[in-house]
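Here the structure comes first, spelled out in structure tokens, and everything after it is commentary.
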Amino acid sequence: MVAARRKQAAKVVRIIRLGDPEAGLGQVDLCASGLAVGVEAGRFAMLEAVGRPDCILKRPFSYFGTEGPDQISFLIKEMGAGSRGLLQARPGDAIEVLGPFGNTFPHLASGAVWGVAGGVGAAPFGLLADRCARVLLGTRRQAEAGFAAALQARGVVVDLATDDGSAGFAGSVLALLEKALQKAAQPPQALFACGPTGMLAATAALARAHTLPCYASLEERMGCGFGVCRGCAHRDVSGGWRCICVDGPVYDAAQIFAAPASA
Amino acid sequence: MVAARRKQAAKVVRIIRLGDPEAGLGQVDLCASGLAVGVEAGRFAMLEAVGRPDCILKRPFSYFGTEGPDQISFLIKEMGAGSRGLLQARPGDAIEVLGPFGNTFPHLASGAVWGVAGGVGAAPFGLLADRCARVLLGTRRQAEAGFAAALQARGVVVDLATDDGSAGFAGSVLALLEKALQKAAQPPQALFACGPTGMLAATAALARAHTLPCYASLEERMGCGFGVCRGCAHRDVSGGWRCICVDGPVYDAAQIFAAPASA
Amino acid sequence: MSAPPEGLPAQMAVRIGSLQLASPLGLASGTCGWGAELEGMVDWSKVGALFTKGLSLQPRQGHPPPRIWETASGMLNAIGLENPGLEGFVADKLPFLRQLRREHGVVVLVNLFGTLAQEYAQLAAALDNLEGIDGVEINLSCPNVEAGGIEFGRSAATAFAVTQAVRRATRKFVAVKLSPAGPVLELAAAARAGGADALTMGNTMPGLAIDVRRRCSRLAAGSGGLSGPALRPINLRCVQQLFEAGSLPLIGGGGIATGDDALEFILAGAVALQVGTATFANPDAVGTIHAQLQTALGVDHLTACVGAASRPPPP
Amino acid sequence: MSAPPEGLPAQMAVRIGSLQLASPLGLASGTCGWGAELEGMVDWSKVGALFTKGLSLQPRQGHPPPRIWETASGMLNAIGLENPGLEGFVADKLPFLRQLRREHGVVVLVNLFGTLAQEYAQLAAALDNLEGIDGVEINLSCPNVEAGGIEFGRSAATAFAVTQAVRRATRKFVAVKLSPAGPVLELAAAARAGGADALTMGNTMPGLAIDVRRRCSRLAAGSGGLSGPALRPINLRCVQQLFEAGSLPLIGGGGIATGDDALEFILAGAVALQVGTATFANPDAVGTIHAQLQTALGVDHLTACVGAASRPPPP
Ligand SMILES: Cc1cc2nc3c(=O)[nH]c(=O)nc-3n(C[C@H](O)[C@H](O)[C@H](O)COP(=O)(O)OP(=O)(O)OC[C@H]3O[C@@H](n4cnc5c(N)ncnc54)[C@H](O)[C@@H]3O)c2cc1C
Ligand SMILES: Cc1cc2nc3c(=O)[nH]c(=O)nc-3n(C[C@H](O)[C@H](O)[C@H](O)COP(=O)(O)OP(=O)(O)OC[C@H]3O[C@@H](n4cnc5c(N)ncnc54)[C@H](O)[C@@H]3O)c2cc1C
Ligand SMILES: Cc1cc2nc3c(=O)[nH]c(=O)nc-3n(C[C@H](O)[C@H](O)[C@H](O)COP(=O)(O)O)c2cc1C
Ligand SMILES: Cc1cc2nc3c(=O)[nH]c(=O)nc-3n(C[C@H](O)[C@H](O)[C@H](O)COP(=O)(O)O)c2cc1C
Ligand code: FES
Ligand code: FES
């Protein structure tokens, strides 16, 4: 079912800073009548802090959670003016929400999937607690791992990997995934991945090696979110461009990442 | 004495809304170490609400009051983005203050002067309570007369005139001035005027008719406030341009407004 | 040009050449897809005209990402004129546009580009036989293969050649879209001589942004077109210049996001308008602007305001 | 052009033609008065060069107010080139500039304009004999009386004529300042042929704003020049275009307000920079930008970054 796309003026319920303040991570909870209608894992909204005229475009953020029909949550990392404006909002401030946009992660059996997330790629897994037996989350260092606690609070089992070994597994989330797949008594039936393109490509390669289906949520700079600007083009295996805001953002990874040419 | 011009990051102490909220009037109190040094009646500062990137230029506002060496006050009317940003600031927010700029009203004997103000022209009279026996203040209607109470709170004797007669004298501040001059037992030794150019010209003409010295504070759109943009040109009697941010804003009205050509 | 068309609700209706628009507000090319993308999110009754994404004879893939970058009060785009080509357009896009036209009275103009004057003409000829299209808009901001890749819009001679070729190929309405990079007065004269019905003023201005950390341009294609509020004063000035020079009827645009912005373009001399970038943050920007424009107009007819701006009175 | 000058602190020092600047940051013409206006509010040690307000042979009064209007991330100005004329300049303004040069090593360039090529040359000749002036910057954005009021900067032929006339009149450094309204490549070639030492890229872009309530332009003069961040992507693109075409050394500017903005211009190909509108809101903008630029450069020499921007690597 495609939910009606719409523009809503939401109010900030609360903003919870996550982990080390320097890392600039936060959870943003918004409410408005029917705001959660049509929200599903993988979909995203275009957000704008009203009255902050430093951005003329809205910014895309994956839905992280819902609370009844009127409340939605996002996990946001401060990158520039757009994300900063959202994280600096105060309870009661207005945030404009365009959405829901995009497709969803497939509805596989409960617990059948492992999630693989890098950085802000953690967000969609807040809505996948039942489908995912575990979510492997990679960040650079412990200070940036604030999203882990937010996922756990939604019932997600998180395996953390940090590049510098300051928390959890020491190394990349890919190395952790490889190790986990090798020693798993119950291997997953599929992987869901969300994060930087390089991480997605590596996850896709690993999935291929283990003959696991893999669904990846892609990221590109978005101007609109609903297919009119053509800003969000992403190359697929055939060499064509996918407009990931309407065609994606979730893809069977095999459609996007080519098998490595055999050496 | 010309005080050192400087840029200071001040903090909002409080913002007091004045009168009818719709009229968009407020008093803005700011503090920072030494902020009031060099402040005198007639001078102005260039203000900018920090973190509101909707303006690239600061806006000029006359000093309205000081409280010790560290606190200054302004009376501000909402006109557009710049003034709105200031009035919407909250206690603790940062406001950048460039100043003090400009010259001052002359130091005449205490009580020797009458003030004539239109709209936001009320502001400089907050620092002229001793020099001015009374200040005649004109506004369109009572709802816009919020500055009167602010002046009274600083010990200024205010005679209000409203165009629609909803408070005080019914008619223009000029009509009120004319009547007052006619029936005054103690006529003033000079007039100080601040307001729209048309009002200043009419005040100058009336002063001339009564052979009273008149000092007028002029207004033009300002880009900088310190003489580099040349935006604030105002015609003088010789037909030349005065750069009112450095040369003014206070002038002997006879230098600016020519005597009417005799008919 | 300035009498309100008969039988339309008067205040906001405009006539431009042979076209009657129920609203002066159009959706700008490349910012509204092929219409269908906006279905359900826009009040079509407020859309006077829809200018399609740029169409070429053959399908085009466009540029790799990043294709867009936000700048101070503006954005740069280098989409690379991605489009399905003539055949794909007729098969997949035209049906929805016909429906829009039929059900909502939206005037449909197809934005054309090519790499040779002949390609523009071939496209115009092919569209001339199709029902459901009111006219074409010639995008001159495309590299002219015969002139070593210099854009058609940089020389009056090529602008004339393209306009004339299109004019000869179609009986439908022909607008020529100029970039503020100019030279706009020369190009306007060339478009008129070539037989255009109207001018669109206008397109984006070439711009660049650099990622100082990675030391590379923000867009994969290098530079891109600047749109949005930052562009508004520039295009507005070109509109007034063209109006004062007595040009063809003008379709104005560039950074229109509010009713006051729209009115600025009308007062400068535009009869109709295009809303582009504003649609990205607010899919129904046209509806919002329509309401604001009506309020700003007060009791005036829109057509009475065209070109009405003067110099400010002396103080 | 890109070796750090001897005897200057290396990282931020630049040489451009015969000039050695201790800092790449200059104060743009018309935004810093004649220097004295900024005394006490700017850290002169961070000012590499000062470009004076435009100077003409005779004094000029300039336009009536309003002369400025703020737009989205930019501003329009129509000051009308108000200045005291050559005599007034020498008597009242030059002494302070000499002091600046002597005490702080600020390179002083006088911005010139005229209504005839001959006027530019006369000015340059008069300044050539004066101590305390390092060179001139030719402002081409002025109406050419002999060409019916079309700006010198709109035709390569007149740009060449002015440059050559000035070049013959002075042994000092000659920069030619271009507007992004172009055609920049042709004008750059003309300036080089005329004997210029450097190009300033550049000036404001023509723009307009209308007061929709009063139905008149915001500026008394009608249109004005757009400056500030809104202009940045446009001028930045022109700088890169000129750099890639292998032009004269480039002085870049337009909307520079932060160290990253400055670095963008350097990476696009500018050797030195001009800060204009940013000085209005922050008189020591140059000092702020200097510190930020140094941080952004890290260990790199500024001169090693000139023109270093590439296309983004494929993902
Ligand atoms: C479908 C989708 C879902 C997303 N979900 C989330 C989410 O749930 N939580 C979240 O925090 N973010 C999410 N993002 C990313 C988010 O949209 C960007 O971080 C945001 O748009 C940045 O805007 P800004 O104005 O804050 O920063 P900008 O000023 O636009 O950018 C600041 C700097 O960060 C860099 N940058 C910006 N965006 C990216 C990017 N996507 N990848 C790499 N570098 C970048 C820029 O190059 C720039 O140098 C999602 C993106 C997409 C496409
Ligand atoms: C020396 C000096 C002292 C001043 N002191 C005060 C003061 O103490 N208190 C105060 O409230 N204001 C004062 N002003 C006026 C104040 O600077 C302007 O109202 C302010 O700059 C408007 O900026 P904005 O961004 O809010 O509005 P803008 O967006 O710049 O303007 C909004 C609308 O208001 C109109 N407008 C703006 N400024 C003026 C003006 N000066 N006259 C007529 N119409 C105008 C514009 O035409 C525009 O349509 C002073 C001005 C000067 C030059
Ligand atoms: C993403 C994007 C794509 C565009 N594609 C086209 C196009 O294909 N053809 C065209 O003539 N103009 C195109 N334009 C220009 C717009 O139609 C419009 O003229 C310009 O953006 C200025 O208006 P605006 O500031 O309201 O966006 C495009 C603009 C944007 C932002
Ligand atoms: C108020 C004002 C006056 C200016 N006067 C001149 C001038 O006299 N001569 C000139 O060559 N440029 C003049 N300029 C252009 C600036 O020098 C600069 O090139 C332009 O503003 C772009 O830089 P910016 O965006 O940093 O301001 C003026 C600009 C402004 C804003
Ligand atoms: S974000 Fe605009 S088309 Fe995808
Ligand atoms: S406000 Fe800039 S010179 Fe007066």
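Each chain gets a letter, A, B and so on, in the order its sequence line appears, and its residues count up from 1.
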Quiz item: What distance separates B/Cys224 SG from D/Ile68 CD1, expressed to the nearest 0.5 Å?
Solution: 7.5 Å
Quiz prompt | Residue part contacting chain B, namely of D/Met75, when any heavy atom lies under 4.5 Å | solution = both
Quiz item: So which part of B/Leu98 gets closer than 4.5 Å to some heavy atom of chain D, the side chain, the backbone, both or neither?
Solution: side chain
Quiz prompt | Contacting region of D/Leu27 [heavy-atom separation from chain B under 4.5 Å] | solution = neither
Practice problem: Give a yes or no on whether D/Gln58 atom CD has more than 12 heavy-atom contacts from other residues, nucleotides or ligands under 6.0 Å away. | Solution: no
Quiz item: Just by distance, do the side chain of D/Arg67 and the backbone of B/Arg221 share a donor-acceptor pair under 3.5 Å?
Solution: no
Exercise. Could you tell me whether the side chain of D/His63 reaches within less than 4.5 Å of the side chain of B/Arg230, counting heavy atoms only?
Key: no
Practice problem: Give a yes or no on whether D/Glu103 atom CD has more than 12 heavy-atom contacts from other residues, nucleotides or ligands under 6.0 Å away. | Solution: yes
Self-check item: Side-chain heavy-atom pair B/Ile56, D/Pro229 within 4.5 angstrom cut-off
Solution: yes
Quiz item: So, for B/Gly227 and D/Glu37, which heavy atoms are closest and what is the spacing to 0.1 Å?
Solution: O-CG, 3.6 Å
Quiz item: So how far is it from B/Met46 CE to D/Asn282 CG, rounded to the nearest 0.5 Å?
Solution: 12.5 Å
Quiz item: Would you call D/Glu70 and B/Arg59 a salt bridge, using N to O less than 4.0 angstrom?
Solution: yes
Exercise. Please confirm whether the backbone N or O of D/Gln61 pairs with a side-chain atom of B/Trp241, one donor and one acceptor, at under 3.5 Å?
Key: yes
Quiz item: Is there a side-chain contact between B/Lys7 and D/Asp284 (heavy atoms, below 4.5 Å)?
Solution: no
Practice problem: Quick one: which of B/Ala81, B/Cys232, B/Gly231, B/Gly80 has the most heavy-atom pairs under 4.5 Å with chain D, could you say? | Solution: B/Gly231
Practice problem: Name the region of B/Arg235, side chain, backbone, both or neither, that has any atom closer than 4.5 Å to a heavy atom of chain D. | Solution: side chain
Quiz prompt | Shortest non-hydrogen contact between B/Glu220 and D/Pro65, atoms and distance | solution = OE1-CB, 3.5 Å
